[in-house]
Amino acid sequence: MRQILVTSALPYANGPIHIGHLVEYLQTDIWVRFQKLMGNRCIYICADDTHGTAISLRAQKEGRSEEDLIAEMSEAHQRDFAGFGIEFDNYGSTNSEESRQFCHEIWQSLRDADMVVEQDIDQLFDVEKGVFLADRFVRGTCPVCGSEDQPGDNCDKCNATYSPAELINPVSTLSGSTPEVRSAKHLFVQIEKLHDFLAEWTQSGTLPSESANYLRNFFLNEPLRDWDISRPGPYFGFEIPDSPGNYWYVWFDAPIGYIGSTQQWCDANGEKIEDWWKSDQTEIHHFIGKDIQYFHTLFWPAMLKTAGFSLPTKVHIHGFLTVDGEKMSKSRGTFVQASKYLEHLDPSYLRYYYATRLSSKVEDLDLNPEEFVSKINSDLVGKVVNLASRTAKFIKDTGLSAEYPDDGGLFETFAGRGSEIAEAYEAGDYSKAMRMIMELADQANPYVENNAPWELRKDPDKAQELQDVCTVALNLFRTLAIYLAPVLPDLAEKAGELLGEDLNSWELAGAPVTGRPIAKFKHMMQRVDPKRIEVMIEESKEENEAEASSAPTGDWDDSDEAIKADPIADEISIDDFFKTDLRVARIVGANEVPEARKLVQLTLSLGGDETRNVFAGIKSAYQPEELVGRLVVMVANLAPRKMKFGVSEGMIVASGPGGKDIFLLSPDDGAVPGQRVG
RNA sequence: GGGGCUGUAGCUCAGUGGUUAGAGCAGGGGACUCAUAAUCCCUUGGUCGUCGGUUCAAGUCCGACCGGCCCUACCA
C-alpha cells in the first residue's frame, strides 16, 4: 500500500472559485479518489492562500478586516468545492499558527545554510495609502521610449524593461497619487547555491517534460537570481522573526501552507508530520497550473531541500481553461463562477467533461458547449446509464442470476482492461482512461440489443434467459461505474444503491456479482439541456455587467473600471495640448506585417500627396482589408521611430486595453483627411 | 529573435517503424420500441500540413519549410 500526500495549489482568498480553477481541483480530486479506490493511503491537502497586498486592498475597500475577509472567502471556497464533490482531507489557511511555525522552521534552515542576504531596494511608495507598491500597481511613462501609461516593469511599446522607480511620472493605480521613491531593506534567498541540485532534480522525471525543458532552457542555463522574499510593512502576512518590520512575501508562505494544513490533519487524526513530510515512504504529489510552475519547481524544492523536508515525488502541471477556444471572458459571460454553474448544471457533467480533456501534458483545455452536451448525453446517459435503465426493471423481482451466465467473454474483456485504465488514471491521462471506458461501453449496448430482453420476457419459458441477460448487462454497467467512480462518485453511489453494495474498491470490477436483489431503478443522471448552459452564460454576463457598473452616472451605467485602472494624468496647458498635432487621415493602404505579432503596416493619407507610413499595434483587433478606406485620427507630428520592420511616422489614435479590445477613433461624417483635430 | 507544444475524417481526438489509417460525435440509409426522442445495424467521409531524407517498410524516425497555440525576450 502506498502512502501518498496530494495537494492542489492554494486558491487565493481574493475572489470566488470559477470554472477555470476547477480544472485543477477536479483533476486532483479524481486522482485522489482513484488512489483511495486502489486501496492506497492517500490524503488530499489544501488551504486558502490568504496573505499579500491584494487581500489588504480588498478588505480596505470593503471596510473590514483582512481576517474577516479571508474567513468568509474560505467558507465560500469550501462550499463551492463541496458542491463539485471535491473532498479534501484537510482544508486549512496560510494564516494559521501551524503555517507560521513551519515558516519559522524553514526560514531558520535557510539562515543556517547561510542562504539569506540583505539588500536595500528602491521602491515606489504610495504616500496616500501608506504602502510600498508592487510593480503592477504602478504605471507611468517609459524611460526609454517615452510612451505614456506603461506598466511598472516593462514597456508595451518598446519592450524595454526597467524598475518602477525609473518610470517618468509614475502613478499609483491604487490612489492615483504620485508615489515617491523610498529605500527599503529586502531579504533575498540565494537559491543559486542549490543550482546543481535543482538542475538535476528538475530533469529527473518529477515534472512533465515540457516543463523540465522550459526550466532548463529558461532558468537553469544561467545563475539563478536571488529571490526577494520579504516585503516591508504594512503587509498582511507573517512578520519575519529576525527582521522586525519585514514580512514574508506571500509566495514564501503559500507553499508552506501545504505543510501547515497537513499538520492540522495530523493533529486531528493522531498522525505525525514526520511520517508525511519527512519520510521516504510517503509520496508527495503537487497539482498546479503552468502559471506558477517556477515557484513549485525551483524555490519550493530549494526550501524543502534546505530544511530537510521530502521533495515532491511528482509535480503535475496543467494548462489553462479556454471556453469555445477563447480565454474566459467576463464580458462574454464565460467567466462562470462555480456557484453559478451549480445553480444550473450537475457537477458530474463538468467532472466528466474535464476528465475527457485532461492528459499528463501541459496543455490548455477547451470547454466547448456543444461538445460538452454531446459528451454527457451520448457517453454517460446514452451509453452507460442507459444500460441499467433498460434492463434493471426486468429483474427487479428476481434479482441477479445465482450463477454468472455465459456472456461470450464480455465481462472478462471488461475486467481485463482494468489495469490499463488504472495506469492511465495513475499517469494523469484521464482522457485516455475515459476513451478506454467508452470503448467498453460501446460493446455493452449491442449485447443487450442482440439478446432482446423485451422479447424474452414475453415468453415465460425464457425467464431464466431473461434473468441471465439482465445479469450480464447490469454487471457490465457495474464495472463501468467502478471505472468511472473517481470521476463520477455520484454515479458510483447510485449504481451501488441499485446493486445493494458499496462500490468503494477498484478490485470489485474484477469479478461479477450474482444472486442478489436489485433495487427499483431510479434515474441516475439527467440529460444536459443546452438551454441551461445558455442561461448560465447569460446570467454570468449580466452579473458581471451589474458588478462592473457599480458606480453608475446618468442613464448610461458606464463602469468606472477603465478610469480607475488608469487615472487622469497631470494637468497641462492648452499650449501643451496643441503641441500634439492630431489630424484626420484616411487609411489608403494596410498590410500585414507577418513577422510582427501586434503590428499592421498602414499608409495614411493626409490629402493630396501627403502620406505617412505608420505601424499600428492593432493586428489582434483589425484585419488589414477592413481598414482600407476608413478615416482615423493620427498624431501627425510624432518623431519618426525606426522599428524592426521600417520607420513609423506617426500614431493612430485608439482606446482599449489591447488584444481584441482595441477601438480606433473615427471622425463623424464630413471630416476630410488633413483637417486638424483640436 | 529564442524556446516548448501542436498539425490525422465536417468536429473532438486515438494510432509501441509492419496487412487495406481508426473511434466517438455530426451527416446519410435502415431496424427496434426495453430504455431519459434513449439503442442497434449499415453507410458517406482522409494526398495523415508541405517537401526532402533514412529504411525492405514512414502517419510514426531525421531535416527543412508552412500554419496554430503557449511561454519569453536583444539572453541561451
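Computed over heavy atoms, backbone and side chain alike; hydrogens, waters and symmetry mates excluded. Order of the sequence lines fixes the chain letters, A, B, ..., with proteins taken first and strands second; residue numbering starts at 1 for each chain.
Evaluation of the side-chain contact (heavy atoms from CB on, under 4.5 Å) rule for A:Ser360 yields A:Asp429 as partners, not counting sequence neighbours. With sequence neighbours excluded, the residues satisfying salt bridge (charged side-chain N to carboxylate O under 4.0 Å, His left out) with A:Glu426 are A:Arg2.
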Do A:Tyr430 and A:Phe34 pass the side-chain contact (heavy atoms from CB on, under 4.5 Å) test, and can you show the C-alpha distance, the side-chain angles, and the key distance before you say yes or no? CA-CA 11 Å; A:Tyr430 303 160; A:Phe34 167 71; over 6 Å; no
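Heavy-atom distances under 4.0 Å link RNA chain B to A:Ser389, A:Arg390, A:Lys393, A:Phe394 of residues 389-401 of chain A, given in residue order. The stretch residues 407-429 of chain A has no heavy atom under 4.0 angstrom from RNA chain B at all. Residues from residues 441-453 of chain A lying near RNA chain B, meaning a heavy-atom separation below 4.0 Å, are A:Asp442, A:Asn445, A:Pro446, A:Glu449 in numerical order.
Of the nucleotides present, B:U39 is the one that pairs with B:A31 by Watson-Crick or G-U wobble criteria, both distances under 3.5 Å. When Watson-Crick and G-U wobble pairs are counted only if both distances are under 3.5 Å, B:C65 pairs with B:G49. Nucleotide B:U60 forms no Watson-Crick or G-U wobble pair with any nucleotide shown, as no partner meets the under 3.5 Å limit on both distances. The partner of B:A76 cannot be assigned: no Watson-Crick or G-U wobble pair with both contacts below 3.5 Å exists in any strand. Remark: B:C13 base-pairs with B:G22; criterion is Watson-Crick or G-U wobble with both hydrogen-bond distances under 3.5 Å.
Side-chain nitrogen and oxygen atoms of A:Lys361 include at least one within less than 4.0 Å of the OP1 or OP2 phosphate oxygen of B:U6. Considering only side-chain N and O atoms, A:Arg457 lies under 4.0 angstrom from the phosphate OP1 or OP2 of B:C34. Taking side-chain N and O atoms only, A:Arg527 has a distance below 4.0 Å to OP1 or OP2 of B:A38.
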For nucleotides 61-63 of chain B, give me every protein contact, N/O to N/O, under 3.5 Å, one pair per line with atom names.
none

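Rounded to whole Å, the separation between the C1' atoms of B:A58 and B:G15 comes to 14 Å. Taking atom P in both B:U8 and B:G49, one finds a spacing of 6 Å when rounded to whole Å. B:G1 sits 43 Å from B:C56 when the C1' atoms are compared, rounded to a whole Å.
Heavy-atom nearest nucleotides on RNA chain B were determined for A:Lys458 and for A:Tyr214, and the one closer to the 5' end corresponds to A:Lys458. Position along RNA chain B of the nearest nucleotide to A:Ser211 versus A:Glu439 favours A:Ser211 as the more 5'-ward residue.
A centroid separation of 6.0 Å or more is found between the aromatic rings of A:Phe287 and A:His318.
Taking atom CG on A:Asn386 and atom C1' on B:U33, their separation rounds to 12 Å, with Å as the unit.
Ranking B:C25, B:C70, B:C11 by closeness to the A:Asp364 side chain, first place goes to B:C70.
Ring geometry for A:His285 versus A:His316: interplanar angle of 30 to 60°, hence tilted.
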